[in-house]
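Note that ligands are numbered from 1 as they come in the structure, with each ligand's atoms numbered from 1 the same way.
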Amino acid sequence: MSQTKIEWTELTWNPTTGCDKVSQGCKFCYAEVMARRLKAMGQEKYKNGFKLTLHEDALRIPYTWKQPKIVFVNSMSDLFHKDIPFEFLQRVFEVMNDNPQHVFQVLTKRGNILFNYHKELKWTHNIWMGVSVENENELERIDLLRKTRAKVKFLSLEPLIGPLPNLKLKKINWVIVGGESGRRPRPMKAEWVYEIHDKCLKENVPFFFKQWGGTNKKKTGRLLYGKTYNEMPEVQINF
Ligand code: SF4
């Protein structure tokens, strides 16, 4: 496990590392940059760099956490990558099923693979399933998520690089919005954010505004209408 600066979670847990790019949102993939850096620093877990790698030994980690945690699963990969064997995916789900005291936030850009597998996975209440959507081209991911048996469904609209006028929030329990940061960030227009926020208000969906982004994300900050939006779904803790 690792502490993280990601605003909407507490810890990251990476039973796999590495990935391949699938859409525009992947262009400046943070995980790719980090994986290469960690490889250069000689970290054993990242000896394959950004090549997809399974980490059997990581499967025991959630059993060692003494206090309930909110955990982002696979911040350095995508749990629904096509090269992850279904048996390994099932084992990751078993770990999450076995640890209902923790909330596991799983986020994918591979809505099609998620949909193909969802009936064969056990969706306990502590597994929050999300899809990333960066522009209108990827709205199908949301339709596929909606059809799954996941009990809590969320959207990460980050990096938001286009407007989402056709976004529908039926059966969606949480929305995160954020702009791209880094050296060459693609801009996020304020009106795109206002429109999504309005829809969340209307549909009573918790809204989390992560950041405006840009080349100096500290300066642009995360205020919207002069306040921070840190809403989340209600966490059910079961022991
Ligand atoms: S799906 Fe996620 S982890 Fe994989 S390349 Fe794209 S942004 Fe990176």
Which of the numbered atoms in ligand 1 are below 4.0 angstrom from a heavy atom of S77?
3 (S)

Taking only Lys NZ, Arg NE, NH1 and NH2, and the carboxylate oxygens of Asp or Glu, determine whether [X] and [Y] approach each other closer than 4.0 Å.
{"X": "E87", "Y": "R91", "value": "no"}
{"X": "E180", "Y": "R186", "value": "yes"}
{"X": "R141", "Y": "E134", "value": "yes"}

Is there a donor-acceptor pair under 3.5 Å between the side chain of T53 and the backbone N or O of N48?
no

Here the gap from H55 atom NE2 to N14 atom CG, rounded to the nearest 0.5 Å, amounts to 7.5 Å

Here atom 6 (Fe) of ligand 1 sees protein N, O or S atoms within less than 2.8 Å, and their number is 1

shortest atom 1 (S) of ligand 1-to-protein heavy-atom contact is with R110 NH1, 3.5 Å

Only pairs under 3.5 Å count here: list side-chain donor-acceptor contacts from residues 152-161, not counting sequence neighbours, and write none if there are none.
residue: K153; atom: NZ; partner: T148; partner atom: O; Å: 3.4
residue: K153; atom: NZ; partner: A150; partner atom: O; Å: 2.7
residue: E158; atom: OE1; partner: K210; partner atom: NZ; Å: 3.4
residue: E158; atom: OE2; partner: K210; partner atom: NZ; Å: 2.7

Please confirm whether the ring centroid of H197 lies under 6.0 Å from the ring centroid of Y194.
no

